[in-house]
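See below for the structure under consideration.
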Protein chains: 2
Amino acid sequence: MVIDFKQRTTVTLAEVAAAAGVGESTVSRVLRNHGSFSPKARERVLDAVERLGYVPNRIAGTLASAGSRLVAFVIPSLTNIVFPDVLRGAGGVLEENHYQAVFSVTDYDSEREETLVSAMLAWRPTAVMLAGFEHTEGTLKILRASGCRVVELLDTDGTAADLAVGFSNRQAGRASAEFLLRRGYRRLGYVGHDLDLDTRAGKRFTGFCEALNLAGSRLAGREIRAGASSVESGRAGLKQLLERAPGLDAVYFSNDDMALGGYFHCLSNGIAVPADLALFGHNGLDIGQAIPQPLASIRTPRVATGKLAAELVINEAPPQVADLGFELIEGATA
Amino acid sequence: MVIDFKQRTTVTLAEVAAAAGVGESTVSRVLRNHGSFSPKARERVLDAVERLGYVPNRIAGTLASAGSRLVAFVIPSLTNIVFPDVLRGAGGVLEENHYQAVFSVTDYDSEREETLVSAMLAWRPTAVMLAGFEHTEGTLKILRASGCRVVELLDTDGTAADLAVGFSNRQAGRASAEFLLRRGYRRLGYVGHDLDLDTRAGKRFTGFCEALNLAGSRLAGREIRAGASSVESGRAGLKQLLERAPGLDAVYFSNDDMALGGYFHCLSNGIAVPADLALFGHNGLDIGQAIPQPLASIRTPRVATGKLAAELVINEAPPQVADLGFELIEGATA
DNA sequence: GAGATTTTTGGCAGCGCTACCATTTTAGTT
DNA sequence: AACTAAAATGGTAGCGCTGCCAAAAATCTC
């Protein structure tokens, strides 16, 4: 196999103009379909573009004009399917409008977030999309100074810097507790992952406890596991919790991944769900609905969040907080 | 809340130079730590940068120099965790080397792939990363003409355009069949998703059938489902298959998502695994190892693929095919 | 201490494009 | 046909940075 390494002089707009026998401006106008030009000119330009294999250079275009049509995502994780879902929702809209998505991953580390946001801004993106409201002072400062739009995703409990799209995790936590109480469960436990890192999970937990308090009840046991959420962590977490706090009749998990782990623990150990123990997750993942007993959970608007976030940015919407709500899935595990 | 909409004149390198009392070149050299400058100059520049809150403009930098330090990913899906995993692997390496990842999603449509690759090239990326070897002629043509590096991911069965990193899906399929045969299963079925779209799954299936033929055996039944893989699709697929082809003793699934669906079907319907029916997946996802009986599967080097792909590009490696292999997980479902 | 090196520095021409403006061409009006 | 309005076009000055080069300053050599 032979690869051509010789410096292929990239075709420029000027060359296209020359080949088409028109001025550079005309080529630019035709290609962006902006301003006026004759059908004849259009044809000659498109013909030359085709013939020379011209690919516009958006780096140059961006520098010359104002907007970069680049949208930066600085997200905590790619392993937690929540974020790919948001990216997916945004991706479609962005693409239709000829925007490009750029991303980096913080691993739930807000210092890293600051570094990454700062690096992103060097590309002069139209907007920066972040998870939630909890950021370092430094992050907020450089973001403000940049003048670019900021969208905080998947959270509405807090103060938005500019735009925010998501739902109230706190209310989701409350709704989960209320549902379990309504079903008659009284000895409730919690299995979660690191709440300091995943502040949205923390808010759900807060909401959950609030609802319990309001009902004159309280958490009968909790197991907080270090690190990110995972099925295995949920499984081990439930095992731990049940050993330490026997007699629970329902457990709330920080999300569906954790809850699935819990479910599998029950399956393996002959714990009847929900007769012996009820399980409640969060996110409403498809897989949770495909297990033998559909998981009781809360369906969150992840794709819709990405979609709306992109739309707001593209339409230059004024600062606002868009609450997309959530939907309780009764399932069969509670 | 008040948002400052006034056109915040972005700080430029020239302003930093003026503030630091040095020339523009010196600022540029200090910031890139490239070329020579005195400690004194360095200090004054960094001080001015800090004071003015200067953020370099990489759009301009890229235009002026050669390389964009942008790596484009054009992937089939974000729902299939395989691709986020690859992105994750690449992301770390890219970030360390001050590269940025840009992506778009084809939804397994090669016409869209061509459009998206073309759009990506407008950003003059250092490399374009694609899934597999199957691309339209048009895609290959514009890629060749662009002169940028191309990495084809997660496949080694075919002809690479430039770099390729992954493993042999065909061999994975063979290994899966050989394992099942070795275990004594004889009436083998297959449940898969759309093979024309996911050509790598198709190659696994081919390899699987080859191994059966070699052993003088043949597939006893198959169910190919339209659309992308999912747990629900696997569940429904296995149900269908068992109705149509009773008496199977093992089923090979196009991937772990599908296999999990199959497992859940068995759980729901009192089919003992593996006594009544053995199940075999592909990818070795964590969740497959967290269900009551760890799923027999093949662990694929997804993160490592992303990592190596990024490294090869950054180190300007010569064209090559890197086979990272795979690992059979015996599990407990076969 | 003069001359030869080496290090540090600033000026400036692009990179490829778009925005703006001035000019030319075409269409419209009476 | 003469004149006006509208449409089409090309020239060119940047966008903010880097790379090159020549000049200036610092260091070394005998």
Side-chain angles (χ1 to χ4, degrees), chain A residues 7-46 48-49 52-70 98 121-126 146-148, chain B residues 7-45 48-49 52-70 98 121-126 146-147:
Chain A
Q7 190 59 24
R8 193 178 288 280
T9 326
T10 333
V11 183
T12 67
L13 182 140
E15 298 177 68
V16 173
V22 301
E24 296 184 31
S25 324
T26 301
V27 177
S28 177
R29 279 184 294 249
V30 168
L31 292 181
R32 284 177 301 145
N33 195 31
H34 175 277
S36 65
F37 46 83
S38 62
K40 195 187 63 189
R42 191 186 115 91
E43 195 179 339
R44 298 174 65 180
V45 168
L46 294 183
V49 164
L52 303 181
Y54 171 68
V55 177
N57 183 333
R58 289 186 73 174
I59 299 278
T62 299
L63 184 61
S65 62
S68 69
R69 298 221 163 207
L70 234 34
H98 306 287
L121 288 175
W123 290 102
R124 299 292 186 270
T126 302
S146 77
C148 87
Chain B
Q7 190 60 23
R8 193 177 288 280
T9 326
T10 333
V11 183
T12 67
L13 182 140
E15 299 176 68
V16 173
V22 301
E24 297 183 31
S25 326
T26 301
V27 177
S28 177
R29 279 183 294 249
V30 169
L31 292 181
R32 285 177 301 145
N33 195 32
H34 175 277
S36 66
F37 46 82
S38 62
K40 196 186 62 186
R42 191 186 116 92
E43 195 179 339
R44 299 173 64 181
V45 167
V49 164
L52 302 181
Y54 171 69
V55 177
N57 183 333
R58 289 187 72 172
I59 299 278
T62 300
L63 184 60
S65 62
S68 69
R69 297 220 163 209
L70 234 33
H98 307 286
L121 288 175
W123 291 101
R124 298 293 186 269
T126 302
S146 77

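In what follows, chains are A, B, ... by sequence order, proteins preceding strands, each numbered from 1. Just so it is clear, the model here is predicted, and its values are computed rather than measured.
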Quick one: [X] [atom1] to [N] [atom2], roughly how many Å, whole number?
X      : N      : atom1 : atom2 : value
A/W123 : D/dC17 : CH2   : C1'   : 12 Å
A/L52  : C/dG16 : CG    : P     : 15 Å
B/R69  : D/dT18 : CZ    : P     : 12 Å
A/R42  : D/dA8  : CZ    : P     : 13 Å
B/K40  : C/dT7  : NZ    : P     : 18 Å
A/E43  : D/dA8  : CD    : P     : 15 Å
B/L63  : D/dG14 : CG    : C1'   : 12 Å
A/N57  : C/dG14 : CG    : P     : 18 Å

Residue whose nearest DNA chain D nucleotide is more 5′ - A/P39 or B/Y54: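 Mapping each residue to its closest nucleotide by heavy atoms, the 5'-most match is A/P39.
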Beyond-backbone contact of B/V55 with A/S146, side-chain heavy atoms, under 4.5 angstrom: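 Not in contact.
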Sort me out a list of protein N/O and nucleotides 18-25 of chain C N/O pairs below 3.5 Å, or just none if empty.
from: C/dT18; atom 1: OP1; to: A/R32; atom 2: NE; distance (Å): 3.4
from: C/dT18; atom 1: OP2; to: A/S28; atom 2: OG; distance (Å): 2.6
from: C/dA19; atom 1: OP2; to: A/R32; atom 2: NH1; distance (Å): 2.7

Whether B/R44 side chain and B/A20 backbone form a donor-acceptor pair below 3.5 Å: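 Pair found, side chain donor or acceptor close to backbone of B/A20.
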Main-chain N/O of A/T12 paired to A/E15 side chain as donor or acceptor, under 3.5 Å: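 Looks like yes, one N/O pair under 3.5 Å.
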Smallest separation among heavy atoms of B/T62 and B/G67, with atom names: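 Heavy-atom minimum between the residues: CG2-O, 3.8 Å.
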No-hydrogen, no-angle side-chain donor-acceptor test under 3.5 Å, A/R42 and A/S38: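 No donor-acceptor contact under 3.5 Å links the two side chains.
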Result of checking A/T126, A/L121, A/L70 against A/C148 for side chain to side chain contact (heavy atoms under 4.5 Å, CB included):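 It is A/L121; the other options fail the test.
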Distance below 4.0 Å between B/S38 side-chain N/O and C/dT9 OP1 or OP2: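 For B/S38, the contact criterion (side-chain N or O under 4.0 Å from OP1 or OP2 of C/dT9) is met.
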A/R69 CZ: over 12 foreign heavy atoms closer than 6.0 Å: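 It does: A/R69 CZ has more than 12 such atoms within range.
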Side chain of B/T26 - closest among C/dC17, D/dG16, C/dG10: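 It is C/dG10.
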